[in-house]
Amino acid sequence: MKISKIPGCILALCILFANSATVKAQDTWTLQRSVDYALANNISIKQQDVQKRFAALTYQQSKLAQIPTLSTGVQATYGSGRNIDPYTNTIITQSYFNLGAGVSANVNIFNWFYRRNLIAANSYEAQAQNRYLERAKNNVAFNIAAAFLQILLNMEQVHISELQVKLTASQLENTKKLVIAGSKPESDQADLETKLANDSVNLITAQNNVIMSTLEMKAYLNLGFDVPYVPQIPGDVTSIPIPRLDEVDPEMVFSAAQTNNPGIKGDLLRIKSQERTLASQKGLLYPSLSASGNLNTSYANSAKNQVITGYTPYSQDIGEVAIGGTTYTVKANGQTPSYKLVTIPFSDQINNNFRQSVGLSLNIPILNGWQQRTAVKQARLNIETQKLTLDQDLQQLRRDIYTAHANAMAAIQKFSAASKGVESSQRAYDFATKRFDLGLMNTIDYITTQNNLFRAQIDKVSAQYEYIFRMKLLEFYRDQKVSL
């Protein structure tokens, strides 16, 4: 059976074996310790955790976007050659330096609840990612427990193979003595030697299976392959309480799983997120109103004032006048002022050029290539897609539960048949041993009887673990937890 592909019961097995015994050595790993280590180090969980944090940041940013924007800046310009004087707006051919600074603010007043719906959509998405993280943790726990269970199965098979090798080796030694005594043909010894070789191969294969399943466990744990991993063998698994089949009816389990399964919860939250996204996209089809304010000032070294530096006296003839027959020249005396250009001081320019403005902006979308209407249609399709995803996941969940129930029914029958098979094979082997020792059975028939017992023991061990696995799977689907 490929238990690694069956979700659900693995987490049950995590709880199942967690309290089975006390750790006897520092490097001994219980199943619970393995799961805890994987939850902290598994790469797939870390990847899903990153997605969760991305969603949380997006949600937080959508809330912060409600705060009015505020920005400030400073701009310095140096020009030479033919330019526009930033102070007089006249053309100049001299170099100049200009410095400007400003503060601007903008606030959205009304946008048909686009921002509120976007915040709600991001909130639902963040909650969905939390559920998907829970699902990822469950999946890792499933794989860890499956690998742990496989190690236990392989170790049990090693134990049975070791007993088989010891038994065959003992029979071979006894047969050698009988061959030397002349009471057994050499062919019996050859047959047992062949049997011992085959049993040794089975033992080596079982030991290698333990190594391979341990390597698989280390991969799930993200544990260094040079770090020893020794699983703690649980106690008697037959004492573990198993629910009755009538307590895990598939339809009842499915009904409970719809409310407990984190993946289904995540799908439902994503549908809500897509519905709010649609509402936010609709809001962008309508006009939006915003307010803005600006503060600005500037300085230019080309800004000059005329300053009087002195006066030059002058005398000018302005006409003649005749008095008593005598003509006199009339002169006008005065002073002509002298000027020079002085750059207006920095503080004066900053005060003189200080400007303030406030305004309202009404943005009316008219035509943008139908981009926004297409975005609305895409949002509707996203809702439909997410609903189909939910239906698919529910269908898969129902299928998994009914399959698990059918497998549990088969596992019960298989375990019962395997138990009876071991009993009958053991009796047959006991009788065959007596007959073989008395020389009433040939070696080939005896080896066949022994192989039948060996296979029956392996089948019973596998059936026992599969039976527990299937029943705990149904229990987990129903409750998402297992009580011991």
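By the side chain to side chain contact (heavy atoms under 4.5 Å, CB included) test, Ser213 pairs with Gln150, Ile151, Asn154, sequence neighbours left out. Residues passing the side-chain hydrogen bond (donor to acceptor under 3.5 Å, both in side chains) test with Gln258, sequence neighbours excluded: none. Remark: Ser419 engages Phe415, Lys460 in a side chain to side chain contact (heavy atoms under 4.5 Å, CB included) (not counting sequence neighbours). Applying the side chain to side chain contact (heavy atoms under 4.5 Å, CB included) test to Leu215 and every residue at least two apart in sequence or in another chain returns Ile211, Met212, Phe225. Partners of Tyr37 under the side chain to side chain contact (heavy atoms under 4.5 Å, CB included) rule, at least two apart in sequence or in another chain, are Trp29, Asn41, Leu221, Leu223. Take Arg276 and apply the salt bridge (charged side-chain N to carboxylate O under 4.0 Å, His left out) test, not counting sequence neighbours, and it matches no residue. Partners of Gln281 by side-chain hydrogen bond (donor to acceptor under 3.5 Å, both in side chains), not counting sequence neighbours, listed by chain and number: Gln372. By the salt bridge (charged side-chain N to carboxylate O under 4.0 Å, His left out) test, Glu247 is found to be paired with Arg244, residues two or more places apart in sequence or in another chain being considered. Listed by chain and number, the residues in a salt bridge (charged side-chain N to carboxylate O under 4.0 Å, His left out) with Asp49 are Lys52, Arg53 (sequence neighbours excluded). Under the rule for a salt bridge (charged side-chain N to carboxylate O under 4.0 Å, His left out), Lys63 has no partner lying at least two apart in sequence or in another chain. Partners of Gln413 by side-chain hydrogen bond (donor to acceptor under 3.5 Å, both in side chains), not counting sequence neighbours: none found. Remark: Tyr429 pairs with Tyr446 by the ring-ring contact (aromatic ring centres under 6.0 Å, His included) rule, at least two apart or across chains.
In this structure, Gln157 and Ile160 have side chains that are not in contact, with every pair of non-hydrogen atoms separated by 4.5 Å or more. Between Leu196 and Ser200, some side-chain heavy-atom pair lies under the 4.5 Å cut-off. By the 4.5 Å heavy-atom criterion applied to side chains, Leu64 and Ile67 are counted as neighbours. In this structure, the side chains of Pro231 and Phe148 come closer than 4.5 Å at one or more pairs of heavy atoms. Between Lys137 and Gln48 there is no side-chain heavy-atom pair separated by less than 4.5 Å. Using a 4.5 Å heavy-atom cutoff, the side chains of Leu397 and Tyr477 are in contact. Using a 4.5 Å cut-off on side-chain heavy atoms (C-beta onward), Asn139 and Arg135 make contact. Using a 4.5 Å heavy-atom cutoff, the side chains of Asn106 and Ser290 are in contact.
The backbone N or O of Leu269 lies less than 3.5 Å from no partner atom in the side chain of Ser273, so there is not a single donor-acceptor pair. When atom types are taken as modelled, the side chain of Asn261 and the backbone of Ala257 share no donor-acceptor pair closer than 3.5 angstrom.
Remark: Arg116 CZ is loosely packed, at most 12 non-hydrogen atoms of other residues, nucleotides or ligands lying under 6.0 Å away. Enclosure of atom CZ in Phe431 is not indicated, since only 12 or fewer non-hydrogen atoms of other residues, nucleotides or ligands lie within 6.0 angstrom. Few gaps surround CG on Leu285; more than 12 heavy atoms of other groups in view lie less than 6.0 Å from it. Remark: Lys176 NZ is packed, more than 12 non-hydrogen atoms of other residues, nucleotides or ligands lying under 6.0 Å away.
Side chain to side chain, Gln386 and Asn382 fail the donor-acceptor criterion of an N or O pair below 3.5 Å. Side-chain polar atoms of Gln129 and Glu125 form a donor-acceptor pair below 3.5 angstrom. Looking at Tyr220 and Ser34, their side chains never bring a donor and an acceptor atom within 3.5 Å of each other. In summary, the side chains of Glu193 and Gln189 do present a donor paired with an acceptor at a separation below 3.5 Å, with no hydrogens or angles considered. A donor-acceptor pair shorter than 3.5 Å cannot be found between the side chains of Glu134 and Asn130. Judged by distance alone, the side chains of Tyr124 and Gln274 never bring a donor and an acceptor atom under 3.5 Å apart.
Between Arg380 and Glu384 there is no salt bridge, since no side-chain N of the basic residue sits under 4.0 Å from a carboxylate O of the acidic one. Remark: Lys195 does not engage Asp191 in a salt bridge, criterion side-chain N to carboxylate O under 4.0 Å.
Shortest non-hydrogen contact noted between Gln232 and Thr28 is CB-CG2, 3.3 Å. Nearest heavy atom pair, residue Thr30 against residue Arg33, reads OG1-N, 3.1 Å.
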Before you tell me yes or no, could you show the steps for Glu162 and Lys166 under salt bridge (Lys or Arg N to Asp or Glu O under 4.0 Å), namely the whole-Å CA-CA distance, both residues' side-chain angles and the distance that decides it to 0.1 Å? CA-CA 6 Å; Glu162 288 175 343; Lys166 291 179 181 179; 5.7 Å; no

